[in-house]
Protein chains: 2
Amino acid sequence: MDKQDDGRIGVVAALVRSTFLVNAVYAESAREHGLTSQQGQLLCVLMARPYGMGELGATLGLAKSSLTGLVDRTERHGLVRRESDPRDTRAVRVGLTPRGGRLAAEFYAETCRRVERLAAGLGPADRDVLAGLLGRVVLDNKVPVVFLEPDEGAPAAREH
Amino acid sequence: MDKQDDGRIGVVAALVRSTFLVNAVYAESAREHGLTSQQGQLLCVLMARPYGMGELGATLGLAKSSLTGLVDRTERHGLVRRESDPRDTRAVRVGLTPRGGRLAAEFYAETCRRVERLAAGLGPADRDVLAGLLGRVVLDNKVPVVFLEPDEGAPAAREH
DNA sequence: CCTGACGATTCGTGCGGCGAACTATCCCGC
DNA sequence: GCGGGATAGTTCGCCGCACGAATCGTCAGG
C-alpha cells in the first residue's frame, strides 16, 4: 500500500465518525439532564424564540405527527408550553417555560463544554480552521439553526 | 440583529450542526435501502469482520439488551446471521449474510457519495485539511471504527 | 466440584418516527 | 356572504430503538 496506517483518514470517514462521536456526547449530556437527545434538541431550538409546530417540523426534519408527541412529552415535563397564536386560531406557538429555559441554558452550556473538549487536542489556529471549513459545509447545505452560537446575545466577541 | 449569517460560526456550533446534517443524510440513505440508521450502522461495522455481541455493544455504544433486538430485527430481514463460537459455547459471532454483504456495500457506497457531496463546496486542499483536523479529533477521542475507509472494504470482508 | 464472572436473551416500559385520517381554521375568488 | 381548496395540528395504529433488571447457561479458577 502506498498509504500507511498513520491515522490519516478520508474526509467522508472523518465526517461520519465525528458525527458518531458528537451524537454520543450530545445524548449523554442530555441524559444527565433528564432529557432525551430529541428533547434536548427541541429546547436548544426554542432558546432562540418560540416556534410553530410546522416550523419546528421543518427545522428538526420531523413529520408533524412526530412533533406532536415530542412536544407532548416535553410539555408533560413542564419544559415547554403551547400558546395559541392570536393571529391564527389554528396555529400554536411552542415556547420554553421558565423552568425549560433554565434547563435549556444549563444543558446547552454543558453540551458546549463537552463538545469543546472533543477538540481539546487542537490548537487555537487549528480550531479556527476547522470551524471555518465545517461552517462552510453547514452553510452550503443550509443546515437549520439547531444549535445557537455560544455568544448569541452577548458582545463577547473573541479572538480564537 | 442576528449577525450570524455572515457565515462564520464557532467550532462547537459547527460540529453540532454538521452532526445534525450527517445524521440526516445517513438516515435518508439508510431509509432508501430499506434500513434504519441503526441497522445501516450495524451492517457497516460488520463489513470489516464478524463481531461478538458484547464487542458490538462496546463499538456501537449500546447496552447488550439493546443489541439483541437490533440483531434480531436485522437477522429477520436476512442481512446478518448468528454463528456460534466454537471456542466458547456461550458466545455468538454476528456476521453478514451474502445478501447482507451486498446490501451493506451498496448502502456504504451510496452513503459515501452523499456525504462526499456535502463537502462539494470545498476544494481538494480544503477537504484534505478538514479530513486531517476531523481525523485528529476522531483519533484523540478514540472513536470506534463505525465507518471504514472507502478503500479498505473489499480486502477484509472476504473469507468466513 | 463450587463459585464467581461472563455472554447473551427475555421481559416490561417508555420514547421516537411515520403515514393516514380527521378537525378546525383560514383565505381566495366569486 | 359563501363554497372549496389550502393550511395547522392532533389522533391513531404500527413498528423500531434503548434501557435496566432478572434469568439462564457456560467458562474458569480456587
Side-chain angles (χ1 to χ4, degrees), chain A residues 20 23-43 45 50-95 146, chain B residues 20 23-43 45 50-95 146:
Chain A
F20 183 84
N23 272 338
V25 167
Y26 199 97
E28 188 189 344
S29 177
R31 197 168 142 292
E32 292 178 12
H33 286 84
L35 299 168
T36 62
S37 288
Q38 290 80 1
Q39 289 167 4
Q41 203 149 52
L42 177 59
L43 295 192
V45 167
Y51 276 69
M53 294 293 284
E55 214 176 352
L56 271 180
T59 302
L60 295 176
L62 296 178
K64 46 187 184 167
S65 59
S66 310
L67 232 76
T68 299
L70 178 57
V71 171
D72 278 351
R73 288 182 294 271
T74 314
E75 190 174 30
R76 206 174 298 141
H77 289 114
L79 303 176
V80 302
R81 184 178 35 191
R82 282 175 167 95
E83 312 164 4
S84 50
D85 184 338
R87 324 278 286 185
D88 186 340
T89 320
R90 301 170 297 178
V92 156
R93 279 184 5 189
V94 183
V146 288
Chain B
F20 183 83
N23 272 339
V25 167
Y26 198 96
E28 189 189 342
S29 177
R31 202 168 69 59
E32 291 177 14
H33 286 83
L35 299 167
T36 63
S37 288
Q38 290 81 0
Q39 289 167 4
Q41 202 147 52
L42 177 60
L43 294 192
V45 167
Y51 276 68
M53 294 293 284
E55 214 177 352
L56 270 181
T59 303
L60 295 176
L62 295 178
K64 44 188 184 167
S65 59
S66 311
L67 228 62
T68 300
L70 179 57
V71 172
D72 278 351
R73 289 182 293 271
T74 315
E75 190 175 31
R76 207 173 298 141
H77 289 149
L79 303 175
V80 301
R81 182 175 37 188
R82 282 176 167 95
E83 310 164 3
S84 51
D85 185 337
R87 325 278 287 184
D88 186 342
T89 321
R90 300 169 299 178
V92 157
R93 281 184 4 187
V94 184
V146 290

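Hydrogens, waters and symmetry mates play no part in the numbers below; they use all other heavy atoms, side chains included. Each chain gets a letter, A, B and so on, in the order the sequences are listed, and its residues count up from 1.
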Report the residues that fulfil side-chain hydrogen bond (donor to acceptor under 3.5 Å, both in side chains) with [X], sequence neighbours left out, ordered by chain and then residue number.
X	value
A:Arg73	none
B:Glu75	B:Arg82
B:Ser29	B:Thr111
B:Glu28	none

What contact category does [X] fall into here, base, sugar-phosphate, or nothing, at under 4.0 angstrom with non-hydrogen atoms?
X	value
A:Leu62	sugar-phosphate
B:Arg31	nothing
A:Thr68	base

Walk me through whether B:Leu43 and B:Val80 qualify under side-chain contact (heavy atoms from CB on, under 4.5 Å). CA-CA 8 Å; B:Leu43 294 192; B:Val80 301; 3.9 Å; yes
Any chance you could list the contact pattern along nucleotides 21-30 of chain D? Use B for base contacts, S for sugar-phosphate-only contacts and - for none, protein heavy atoms under 4.0 Å, 5' to 3'. B---BBS---
side-chain N/O B:Gln38 vs D:dA18 OP1/OP2, d < 4.0 Å: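 For B:Gln38, the contact criterion (side-chain N or O under 4.0 Å from OP1 or OP2 of D:dA18) is met.
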Closest approach of B:Ala30 to B:Thr36 (non-hydrogen atoms, all atoms of both residues):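 Heavy atoms of B:Ala30 and B:Thr36 come nearest at CB-O, 3.6 Å.
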What residues from residues 51-61 of chain B pass a heavy-atom cutoff of under 4.0 Å to DNA chain D?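 Hits under 4.0 Å, by residue number: none.
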5' to 3' contact window, DNA chain C with chain A (heavy-atom distance under 4.0 Å):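 First-to-last contact on DNA chain C, by the 4.0 Å heavy-atom rule, is C:dC15 to C:dC26.
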Under the salt bridge (charged side-chain N to carboxylate O under 4.0 Å, His left out) test, residues paired with B:Asp85 that sit two or more places apart: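 For B:Asp85 there are no salt bridge (charged side-chain N to carboxylate O under 4.0 Å, His left out) partners, ignoring immediate neighbours.
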How many whole angstroms separate atom CD of B:Glu75 from atom P of D:dC17?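 The answer, rounded to whole Å, is 14 Å.
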Anything under 3.5 Å between a donor and an acceptor, one on a side chain of residues 50-64 of chain B, the other on a protein residue two or more places apart or in another chain? List them.
| residue | atom | partner | partner atom | Å |
| --- | --- | --- | --- | --- |
| B:Glu55 | OE1 | B:Gly52 | N | 3.0 |
| B:Glu55 | OE2 | B:Arg49 | NH1 | 3.0 |
| B:Glu55 | OE2 | B:Arg49 | NH2 | 2.9 |
| B:Thr59 | OG1 | B:Glu55 | O | 2.9 |

Results of side chain to side chain contact (heavy atoms under 4.5 Å, CB included) for A:Ser37 - residues two or more places apart only: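 Once residues adjacent in sequence are excluded, the partners of A:Ser37 under the side chain to side chain contact (heavy atoms under 4.5 Å, CB included) criterion are A:Tyr26, A:Ala27.
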Any residue meeting ring pair (Phe, Tyr, Trp, His ring centres under 6.0 Å) with B:Phe20, in chain and number order, not counting sequence neighbours: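 Ring pair (Phe, Tyr, Trp, His ring centres under 6.0 Å) list for B:Phe20, sorted by chain: empty.
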